[in-house]
Chemist: 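Pasting a structure below so you can have a look.
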Amino acid sequence: MQKFSSRIRLTLAAVAALCAAAPSFAQLASDVNVVIHTSMGDIAARLDSRAAPITVKNFLAYARSGFYNGTVFHRVINGFMIQGGGMTEDMAAKKTLPPIPNEARGGLTNKRGTLAMARTSDPHSATSQFFINLVDNDFLDAANAQDRWGYTVFGRVTKGMDVVDRISRVRTGYRRGHNDVPVTPVTILSVDVK
């Protein structure tokens, strides 16, 4: 009997150790993986719908509908960020869904490799455009932003930062009223939801 209860204790300890090492069900349920296929390579990212549920739902709606297919990274600033998801190669803005509320206070910050929503000076104006931070841009966080709203972070690159960095180094110029536009377009071919 002593041997049997020792085995049970060992088994329970092993199960507890496995559970502690594995991500919680809440983490699994809140994370969504996507792959952004670009003309310069693939960028894999994990989106956090627990921290930014409306933003993730919005991004996934655009991705699943094929909206991002054929859009470009139209604003590339080395040492800052790369922005895309709303303009075609000829710098025409695509028609978007209505803007979404700002979720920048969800607990995620604008660190290198994070995905965040682009917006105008109106904190609640984000639609389809997003950017990937090339460095820690803490001044974009709600706690540090001049407007006290900041920019909503909703995910992180898990593979392909080398692609992001290559995009950041392309030659840019002025085109159709926009600065920092890649001279050779960097196209988003598609966004797959995993």
Side-chain angles (χ1 to χ4, degrees), residues 31-48 51-52 55-56 58-60 62-63 66-94 96 104 108-121 125-147 150-194:
D31 292 344
V32 180
N33 294 306
V34 298
V35 178
I36 303 166
H37 301 285
T38 80
S39 56
M40 292 185 70
D42 292 349
I43 303 164
R46 180 169 296 124
L47 311 184
D48 189 333
T55 307
V56 169
N58 176 71
F59 183 89
L60 294 176
Y62 283 112
F67 177 93
Y68 289 127
N69 303 0
T71 61
V72 295
F73 282 100
H74 65 276
R75 187 170 176 234
V76 171
I77 304 174
N78 196 4
F80 178 35
M81 58 91 224
I82 64 171
Q83 179 178 333
M87 308 283 266
T88 62
E89 190 175 317
D90 62 359
M91 295 304 290
K94 291 184 77 171
T96 64
L108 302 178
T109 55
N110 285 275
K111 299 295 183 194
R112 173 173 161 78
T114 56
L115 280 72
M117 292 304 293
R119 64 171 176 83
T120 67
S121 58
S125 60
T127 55
S128 66
Q129 292 187 31
F130 63 95
F131 61 93
I132 302 175
N133 286 293
L134 298 171
V135 296
D136 293 353
N137 288 313
D138 298 335
F139 71 97
L140 298 177
D141 297 337
N144 304 321
Q146 279 189 322
D147 65 4
Y151 291 75
T152 303
V153 174
F154 65 99
R156 172 176 289 284
V157 172
T158 55
K159 189 176 180 185
M161 271 309 287
D162 58 325
V163 176
V164 174
D165 289 335
R166 271 200 313 276
I167 294 170
S168 77
R169 293 189 294 269
V170 300
R171 196 161 58 92
T172 61
Y174 181 83
R175 186 161 180 226
R176 296 204 172 180
H178 298 273
N179 288 315
D180 308 307
V181 180
V183 173
T184 301
V186 179
T187 307
I188 295 173
L189 307 173
S190 64
V191 178
D192 287 341
V193 180
K194 300 292 183 184

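Just so it is clear, the model here is predicted, and its values are computed rather than measured.
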Chemist: Using side chain to side chain contact (heavy atoms under 4.5 Å, CB included), reason through Leu47 and Val34 one step at a time and then give a plain yes or no.
Modeler: CA-CA 8 Å; Leu47 311 184; Val34 298; 3.9 Å; yes
Chemist: Not counting sequence neighbours, which residues clear ring pair (Phe, Tyr, Trp, His ring centres under 6.0 Å) with Phe67? List them please.
Modeler: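 Residues passing ring pair (Phe, Tyr, Trp, His ring centres under 6.0 Å) with Phe67: Tyr62.
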Chemist: Below 3.5 Å, can you tabulate the donor-acceptor pairs from side chains in residues 74-85 to any protein atom, sequence neighbours excluded?
Modeler:
from	atom 1	to	atom 2	distance (Å)
His74	NE2	Gln129	OE1	3.2
Arg75	NH1	Gln83	OE1	3.1
Asn78	OD1	Ser168	OG	3.4
Gln83	NE2	Gln129	OE1	2.7

Chemist: With sequence neighbours left out, what residues match Phe73 under ring pair (Phe, Tyr, Trp, His ring centres under 6.0 Å)?
Modeler: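 Expected list: none.
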Chemist: Walk me through it: do Thr38 and Val163 pass the test side chain to side chain contact (heavy atoms under 4.5 Å, CB included)?
Modeler: CA-CA 9 Å; Thr38 80; Val163 176; 4.1 Å; yes
Chemist: Which heavy atom of Thr158 sits nearest a heavy atom of Ala45, and at what distance?
Modeler: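 Closest approach of Thr158 to Ala45: OG1-N, 3.8 Å.
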Chemist: Measure the NZ-OG1 distance between Lys94 and Thr71 for me, rounded to the nearest 0.5 Å.
Modeler: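 Lys94 atom NZ to Thr71 atom OG1 measures 6.5 Å (nearest 0.5 Å).
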Chemist: If you apply the rule side chain to side chain contact (heavy atoms under 4.5 Å, CB included), what do you find for Leu140 with Phe131, and how did you get there?
Modeler: CA-CA 12 Å; Leu140 298 177; Phe131 61 93; 3.9 Å; yes
Chemist: Applying side chain to side chain contact (heavy atoms under 4.5 Å, CB included), name anything that partners Leu108, two or more places apart in sequence or on another chain.
Modeler: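 Here the qualifying residues are Asp48, Ala51, Val153.
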Chemist: Would Val32 and Arg46 count as a side chain to side chain contact (heavy atoms under 4.5 Å, CB included) if you check the C-alpha gap in whole Å, the side-chain angles of each, and the deciding distance to 0.1 Å?
Modeler: CA-CA 6 Å; Val32 180; Arg46 180 169 296 124; over 6 Å; no
Chemist: Kindly say whether Thr120 contributes a backbone atom to a donor-acceptor pair with the side chain of Ser125 at under 3.5 angstrom?
Modeler: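 Side chain of Ser125 to backbone of Thr120: a pair is present.
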Chemist: Holding to side chain to side chain contact (heavy atoms under 4.5 Å, CB included), I want the full list of residues that pass it with Ala52, two or more places apart in sequence or in another chain.
Modeler: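 Thr55, Glu103, Thr152, Phe154.
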Chemist: Provide the full list of salt bridge (Lys or Arg N to Asp or Glu O under 4.0 Å) pairs with a residue in residues 156-167, sequence neighbours left out, each pair given once.
Modeler: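 For residues 156-167: Arg112-Asp165, Asp162-Arg166.
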Chemist: If every non-hydrogen atom of Ser128 is compared with every non-hydrogen atom of Gly86, which pair is closest and at what distance?
Modeler: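 Closest pair (atom of Ser128, atom of Gly86, distance): OG-CA, 3.7 Å.
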Chemist: Are any non-hydrogen side-chain atoms of Tyr151 and Met117 less than 4.5 angstrom apart?
Modeler: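 Result no, sub-4.5 Å side-chain heavy-atom pair not found.
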Chemist: Not counting sequence neighbours, which residues clear side chain to side chain donor-acceptor pair (under 3.5 Å) with Thr114? List them please.
Modeler: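 If we apply the side chain to side chain donor-acceptor pair (under 3.5 Å) test to Thr114, skipping adjacent residues, the hits are Asn133.
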Chemist: Once side chain to side chain donor-acceptor pair (under 3.5 Å) is applied, do any residues pair with Thr96, and if so which ones, sequence neighbours excluded?
Modeler: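 For Thr96, no residue satisfies side chain to side chain donor-acceptor pair (under 3.5 Å) once neighbours in sequence are set aside.
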Chemist: Compare every heavy atom of Gly150 with every heavy atom of Ala104, then report the nearest pair and how far apart it is.
Modeler: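 Nearest heavy atoms, Ala104 then Gly150: CB-C, 3.9 Å.
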Chemist: Would a line drawn from the ring center of Tyr68 to the ring center of Phe59 be shorter than 6.0 Å?
Modeler: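 That pair passes the under 6.0 Å test.
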Chemist: In Å and rounded to the nearest 0.5 Å, what is the OG to CD distance from Ser121 to Gln146?
Modeler: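 Atom-to-atom, Ser121:OG and Gln146:CD are 12.0 Å apart.
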Chemist: Restricting to pairs with a member in residues 129-142, which pass salt bridge (Lys or Arg N to Asp or Glu O under 4.0 Å), not counting sequence neighbours?
Modeler: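 The answer is Lys111-Asp138.
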Chemist: Please tabulate, one pair per line, all N/O donor-acceptor pairs under 3.5 Å involving side-chain atoms of residues 177-194, not counting sequence neighbours.
Modeler:
from	atom 1	to	atom 2	distance (Å)
Asp192	OD2	His37	NE2	2.7

Chemist: Using the salt bridge (charged side-chain N to carboxylate O under 4.0 Å, His left out) criterion, which residues pair with Asp90? Sequence neighbours excluded.
Modeler: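 Residues passing salt bridge (charged side-chain N to carboxylate O under 4.0 Å, His left out) with Asp90: none at all.
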